[in-house]
Amino acid sequence: QVQLVESGGGLVQAGGSLRLSCAASGRSFSRSVMGWFRQAPGKEREFVAAISWDVPMTALADSVKGRFTISRDNAKNTVYLQMISLKPEDTAVYSCAARDSSLLSLSRATRDYLYWGQGTQVTVSS
């Protein structure tokens with residue numbers, strides 16, 4: 001059974017940092033594009049970041065550029081999202097997702113991701 005399990009969320013003050021992890025099991029995602037998305041209450045899920053499987057290329061939403069970094073450790077089948085200078089508007093449930101390994105583009109569309117984790121809550125207080 002394929003599983004993506006996020007961890008590392010929590011409550012942090014504005015300006016603080018968190019590192020989210022997404023551990024994959026059930027199959028290897030070492031050749032899959034991986035992404036992070038977030039959904040705030042009352043809002044649609046939105047793209048945050050994506051990373052390719054090889055010489056890592058990344059894509060970031062404009063709202064997080066300069067503050068968030070996506071990385072991966074293929075040996076551990078894990079993807080990370082390092083978040084610094086957090087703002088109250090970053091509060092959301094953060095989910096990781098994986099594309100089918102045959103699809104290589106750093107898509108920002110939720111419909112392009114096949115596997116999803118349950119999400120981890122990030123709350124940034126002002």
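In this text, all values refer to a predicted model and were calculated from it rather than measured experimentally.
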Exercise. Run the side chain to side chain contact (heavy atoms under 4.5 Å, CB included) check on Ser52 and Leu106 step by step: do they pass?
Worked result: CA-CA 7 Å; Ser52 63; Leu106 298 179; 4.0 Å; yes

Problem set entry | CD1 on Ile70 to CE on Met83, rounded to 0.5 Å | 12.0 Å

For this session: Show the numbers, then the answer: is there a side chain to side chain contact (heavy atoms under 4.5 Å, CB included) between Asn74 and Arg31?
Result: CA-CA 8 Å; Asn74 287 336; Arg31 290 181 176 266; over 6 Å; no

Exercise. Which distance, rounded to the nearest 0.5 Å, do you find between the CE of Met57 and the CG of Leu104?
Worked result: 10.5 Å

For this session: Flag yes if more than 12 heavy atoms outside Arg27 fall under 6.0 Å of its CZ atom; otherwise flag no.
Result: yes

Problem set entry | Closest non-hydrogen atom pair between Thr58 and Ile51, with its separation | CG2-CG1, 3.9 Å

Exercise. Are Val79 and Phe47 connected in a single hydrophobic cluster, I mean Ile/Leu/Val/Met/Phe/Trp/Tyr linked by side-chain heavy atoms less than 4.5 Å apart?
Worked result: no

Exercise. Under a 4.5 Å cut-off applied to non-hydrogen side-chain atoms, are Thr110 and Glu44 in contact?
Worked result: no

Exercise. If you round to the nearest 0.5 Å, how far is OH of Tyr113 from CG of Leu103?
Worked result: 10.0 Å

Exercise. Which atoms form the tightest heavy-atom contact between Arg72 and Ser32, and what is the distance?
Worked result: NH1-O, 2.7 Å

Problem set entry | Rounded distance [0.5 Å steps], CD in Gln3 versus CD in Gln118 | 8.5 Å

Exercise. Any chain of hydrophobic side-chain contacts (each under 4.5 Å) joining Val124 to Phe68?
Worked result: yes

For this session: Sorted by first residue and then second, give each disulfide (SG to SG under 2.5 Å) pair with at least one member in residues 19-80; sequence neighbours left out.
Result: Cys22-Cys96

Exercise. Between Leu20 and Tyr94, what is the shortest heavy-atom contact and its length?
Worked result: CD1-CB, 3.5 Å

Exercise. Going by the disulfide (SG to SG under 2.5 Å) test, which pairs reach into residues 34-92, not counting sequence neighbours?
Worked result: none

For this session: Quick one: closest heavy-atom pair of Phe29 and Ala24, and the distance?
Result: CD1-CB, 3.2 Å

Exercise. Any side-chain heavy atom of Thr123 within less than 4.5 Å of one from Val12?
Worked result: no

For this session: Taking all heavy atoms of Ala97 and all of Leu4, pick out the closest pair and write down the distance.
Result: CA-CD1, 3.9 Å

Problem set entry | Thr78 (side chain) donor-acceptor with Lys76 (main chain) under 3.5 angstrom | yes

For this session: With sequence neighbours excluded, give me every salt bridge (charged side-chain N to carboxylate O under 4.0 Å, His left out) pair touching residues 88-99.
Result: Arg38-Asp90, Arg67-Asp90

For this session: Could you check if a side-chain atom of Gln39 sits within less than 4.5 angstrom of a side-chain atom of Ser95, using non-hydrogen atoms only?
Result: no

For this session: Check for a donor-acceptor pair, side chain of Thr120 on one end and backbone N or O of Gly9 on the other, with a separation under 3.5 Å.
Result: yes

Exercise. Of the non-hydrogen atoms in Asp112 and Ser107, which two are nearest, and what is the gap between them?
Worked result: OD2-OG, 2.6 Å

Exercise. From Met34 CE over to Leu81 CG, what is the distance, rounded to the nearest 0.5 angstrom?
Worked result: 12.0 Å

Exercise. Do the two ring centres, one from Phe37 and one from Trp116, sit under 6.0 Å apart?
Worked result: yes

For this session: Mind checking the CG-CH2 spacing from Leu60 to Trp36? Nearest 0.5 Å is all I need.
Result: 13.5 Å

Exercise. Does Arg19 count as lying over the ring of Tyr80, i.e. NZ or CZ under 6.0 Å from the six-ring centre, within 45 degrees of the axis?
Worked result: yes

Problem set entry | Residue pair Ser30 / Ser28, side-chain donor-acceptor N/O under 3.5 Å | yes

